[in-house]
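The structure under discussion appears below in the form of structure tokens.
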Number of protein chains: 4
Amino acid sequence: MKRIGVFTSGGDAPGMNAAIRAVVRQAYALGVEVIGIRRGYAGMILGEMLPLGVRDVANILQRGGTILLTARSQEFMTEEGRAKAAEKLRAAGIEGLVAIGGDGTFRGAMRLLEEHRIPVVGVPGTIDNDLYGTDYTIGFDTAVNTALEAIDRIRDTAASHERVFFIEVMGRHAGFIALDVGLAGGAEVIALPEEPVDPQAVAETLLASQARGKTSSIVVVAEGAYPGGAAGLLEAIRAHMALEARVTVLGHIQRGGAPTAKDRVLASRLGAAAVEALTGGASGVMVGEVEGEVEITPLKEAVERRKDIRRDLLALSRVLAL
Amino acid sequence: MKRIGVFTSGGDAPGMNAAIRAVVRQAYALGVEVIGIRRGYAGMILGEMLPLGVRDVANILQRGGTILLTARSQEFMTEEGRAKAAEKLRAAGIEGLVAIGGDGTFRGAMRLLEEHRIPVVGVPGTIDNDLYGTDYTIGFDTAVNTALEAIDRIRDTAASHERVFFIEVMGRHAGFIALDVGLAGGAEVIALPEEPVDPQAVAETLLASQARGKTSSIVVVAEGAYPGGAAGLLEAIRAHMALEARVTVLGHIQRGGAPTAKDRVLASRLGAAAVEALTGGASGVMVGEVEGEVEITPLKEAVERRKDIRRDLLALSRVLAL
Amino acid sequence: MKRIGVFTSGGDAPGMNAAIRAVVRQAYALGVEVIGIRRGYAGMILGEMLPLGVRDVANILQRGGTILLTARSQEFMTEEGRAKAAEKLRAAGIEGLVAIGGDGTFRGAMRLLEEHRIPVVGVPGTIDNDLYGTDYTIGFDTAVNTALEAIDRIRDTAASHERVFFIEVMGRHAGFIALDVGLAGGAEVIALPEEPVDPQAVAETLLASQARGKTSSIVVVAEGAYPGGAAGLLEAIRAHMALEARVTVLGHIQRGGAPTAKDRVLASRLGAAAVEALTGGASGVMVGEVEGEVEITPLKEAVERRKDIRRDLLALSRVLAL
Amino acid sequence: MKRIGVFTSGGDAPGMNAAIRAVVRQAYALGVEVIGIRRGYAGMILGEMLPLGVRDVANILQRGGTILLTARSQEFMTEEGRAKAAEKLRAAGIEGLVAIGGDGTFRGAMRLLEEHRIPVVGVPGTIDNDLYGTDYTIGFDTAVNTALEAIDRIRDTAASHERVFFIEVMGRHAGFIALDVGLAGGAEVIALPEEPVDPQAVAETLLASQARGKTSSIVVVAEGAYPGGAAGLLEAIRAHMALEARVTVLGHIQRGGAPTAKDRVLASRLGAAAVEALTGGASGVMVGEVEGEVEITPLKEAVERRKDIRRDLLALSRVLAL
């Protein structure tokens, strides 16, 4: 392989730039050229490409977002769109792709591989941590720490006003962020999509907590844990107890910011590993870190197999939030 | 004066603890005892008081929230309630009060002074910066920096996705936070309660910005700038242009966290000055910092006179957000 | 077991308080009383003890340092000292100990167990990450992120002035902090105690980097990597090249601050696991997290076996710092 | 005026980029072209110049350092050097200069004006805050908050180990940083270049503090407050008391990082004001902010007149650090 492409797609995640840097520099070390494709699949179809040299990725290691931009593409959902994309890649002499993103990104890459035989290796870049085949995705650790910092701030107010706060964190289908943030933030209740959430049980927990003399509480709610998110859950609880509580939706602040050390190290490692895998002949796979080692997982498995949350940590959070 | 009381009331603000520390230690230096009153006027009525010595306020300078707690009190709105409060103060031998809070706090203090002749000096503690007689209120600088940090994060995502974000910051009646955050955050548009907000004009600004090649924008909206806040403004704008945009409401994260250097210095200075004023015979006044010097303003003026935003900075923000 | 003691000893580490909280609340859930011992072994000898209930550890999860304080004790190094300590523990009805700290702490605990048969379980709390039997020690992740934030700041200045900076991080015998910080901070050179450091080779790396057009560089040096630390290494390099460079020793800022999410989760988990192990009959062991699971390792091994740094990451850092 | 130049010189300061952005965009609004001069006076002599348009300064508002770089220049100290610089400016059609920096920068600008009649307006950009004619310099607020955060971390360790820490902050000739950081950080002692520092008196303060039961203390020392800085002062104190204490030199971390809101607002305002002043015919002056308003001061005064520290705040720090 003489020339590979790299792109980011889907929701941005802190550490994507660190991964791009690693792809470019590892490729350089192997004597392979790198072409950056802007705006994900949308830009691929339009041929928005630029060569990336070692100096082009200087000073981006610590930047949030993605210098290659990201976008959604309806056209890529069609066979014609993908054919156009494949044509542009061939015209540019790109022999293989490193795709940085989440499950939508990987599904697209799989179809490009199937339909047009373009070799592709995925790098897990999403704050949600919902990919099988890697213990952590790039961006997760930063998102958790950003949300935690917000909760630490809110706790100051909650304690001063002796109030209950419902804090909604990201996670439509996965509760990884909510679980870590809840445990690290000392939340009394953590509501996850993976576990049934019973408003009456939550009410009882809060009442018991009040009875023990606790005057303020934090309830962490993954956005997909209950219909209507944190606000929906609060309303449902009010059928079971009189509860004055505030709702804060952390929202997009969880996506941005300089990546943590862990996310930079992970992104550096996986970006480099993706290039090694791709140039070594691998394709249709994702590189991930499992129990400290780089592992390779078929994209299909990465996307389809369910990575479960640690239920022992959920149980622990209940013991510790006395 | 041999013994004074100190309390915090209304919304908590970073730096309140630094002010409490300064009150206690300045009083100690002057040979005056300090009684802390918990939960604002509610606790005053119930006699929730504790002596505060110099060691009791150790290690709180950097803490957000208020160690004295804060609460609302319906009972204090009644004459009976205030009579009870006055009685408790007298029973505790409290000869004067330092009231840390915003306009609601000061209105209560004024009535206590009128009806029961209890000397009181106010310290401006509110993130809103909406008190006359001080260039800055305690907590404002921290709130602005917290909101700014959130905007910096969101800008990473906005730039990567080439999107427009509407970010709602605190400020029901005052646009101080929105103005400083918007200017410091490079917002294309800043919507304030003090200025009429015309959705059509905002749409034109955003369209012109797009025409100049800008692919992402930040609109900062004070919660009271438009009916429905940031979401309301976005909807109104959509009558004038097709606009895909995200809304983030920063909410209560703006209240908490360790105070900035500026807020700690201001709180230290004003807490000490309040004790000097009170023990020196002043009453019915607020201590503030005006053009670098401590100044004394009647509580009535502090609450009733309007402190205007800097319209030159608003104009500047338009020049700089090209 | 009806009553256990908990203490912190050695250098403080962020997350020690989270571990204390977990010990107290897990013990409560199991019906076991907890006595906090202040000032480590020094306080044990003096009988400085206080009961810790669930409310006593409220609001400490996010605090740096240790509420139980820490100290060195010459007296505990003697047989008489340890006999006194054991006597105090027995007098207080303490049937087992949770020892939070690093290798010095564990060596002391082992002698207490040998000589006085006091059951003890260790919790790895040290920023150095130099204990066998756990992938990470409590405090390491926070220290790495604190050092990284400092390097991000220094890089601004290094880039603006086109200068080389030598930054010394903690690590007398272990390079874990230096390696992660260096890789995450994009250091051109990382000097570790585990690898021979050749000033001439470093000079060549820096000269090659300059030749490639790089105008500023960061060299990360573990304090024990070279005689005289970062300053010593710089001087040695000057024998091989003319190099104007600045030295910054990060020092004690790496110990403090609110723990990261990862450190809080780890501390919560290991604190709870220690109580389960101790009350379940384990002794003379450390609880650690290995490949995501709690594991038990004899204290002797934890202290004596060498945990090696990841040499593949060191190699990776060289590829990426082009 | 049709075309102006802008450059940064001397030590970098957070907010310099925000000032550059404001210069470029304000000039654009006035129909004036801007040329960026790289590497300060060194680059001026070499003719290192590039046109700066409104998009060239996008996304730099929040960045530390300076995109125009900064350097020292021996050659500019000579008449020949300055003649070359003037020639390059004329060749580039630059009719006036905005000089962002501290006193060294302004002295150079004054000579360029005298010898070659090149109009120049200064913008105060230095973390030291040691310029007359502005209440605050750009970068000061960020440097103070960075140092304060470091002290907050160190206090965790100081409190846990019950130790005394000597922390050296920047300030060879001026104690502004030390004073604000010391007051905001609750330092027991603050040593400034502006006040005689008596080791015996410091020893007595620390002994008195210990006698009152304080187990840990922070001493903040400006680097120029005592021969040898913090380490020198500690040694001198040891002649008067047995004192185990740690020294931390914060160093270059104080220069970098994203600017605070205050620094961004100040930089935006002064950058714009400099362009207005320069194009309006002003020269040989610095724009500053005094009591909330933009003011113009002759460069000679800005550099030569002494801005004094607030001695009342120093006195206050002694009352509060009980």
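Letters A, B, ... mirror the listed sequences (proteins, then strands); counts begin at 1.
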Can you check whether chain C and chain D share any donor-acceptor pairs under 3.5 Å, and give the atom names and distances if they do?
unit_1	atom_1	unit_2	atom_2	d
D/D12	N	C/H161	NE2	3.1
D/D12	OD1	C/T157	OG1	3.1
D/D12	OD1	C/H161	NE2	3.1
D/D12	OD2	C/T157	OG1	2.9
D/R39	NE	C/E162	OE1	2.6
D/R39	NE	C/E162	OE2	3.3
D/R39	NH2	C/E162	OE1	3.4
D/R39	NH2	C/E162	OE2	2.4
D/T66	N	C/S160	OG	2.8
D/T70	N	C/S160	O	2.8
D/R72	NH2	C/E244	OE2	3.0
D/T146	OG1	C/R153	NH1	3.0
D/R153	NH1	C/T146	OG1	3.0
D/R153	NH1	C/G256	O	3.3
D/D156	OD2	C/G257	N	2.8
D/T157	OG1	C/D12	OD1	3.1
D/T157	OG1	C/D12	OD2	2.9
D/S160	O	C/T70	N	2.8
D/S160	OG	C/T66	N	2.8
D/H161	NE2	C/D12	N	3.1
D/H161	NE2	C/D12	OD1	3.1
D/E162	OE1	C/R39	NE	2.5
D/E162	OE1	C/R39	NH2	3.4
D/E162	OE2	C/R39	NE	3.2
D/E162	OE2	C/R39	NH2	2.4
D/E244	OE2	C/R72	NH2	3.1
D/G256	O	C/R153	NH1	3.4
D/G257	N	C/D156	OD2	2.9

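Residues passing the side chain to side chain contact (heavy atoms under 4.5 Å, CB included) test with C/A222, sequence neighbours excluded: C/A178, C/P193, C/A225. Residues forming a side chain to side chain contact (heavy atoms under 4.5 Å, CB included) with C/A267 (at least two apart in sequence, or on another chain): C/A18, C/A19, C/I138.
Ranked by heavy-atom pairs shorter than 4.5 Å toward chain C, the options D/G257, D/A258, D/G251 are led by D/G257. Most heavy-atom pairs under 4.5 Å with chain C, from the set D/I154, D/I67, D/V249: that is D/I154.
For C/L250, the parts lying near chain D are the backbone and the side chain together; criterion is any non-hydrogen pair under 4.5 Å.
Counting all heavy atoms, side chain and backbone alike, D/A150 lies closest to C/I253 at CB-CG2, 3.6 Å.
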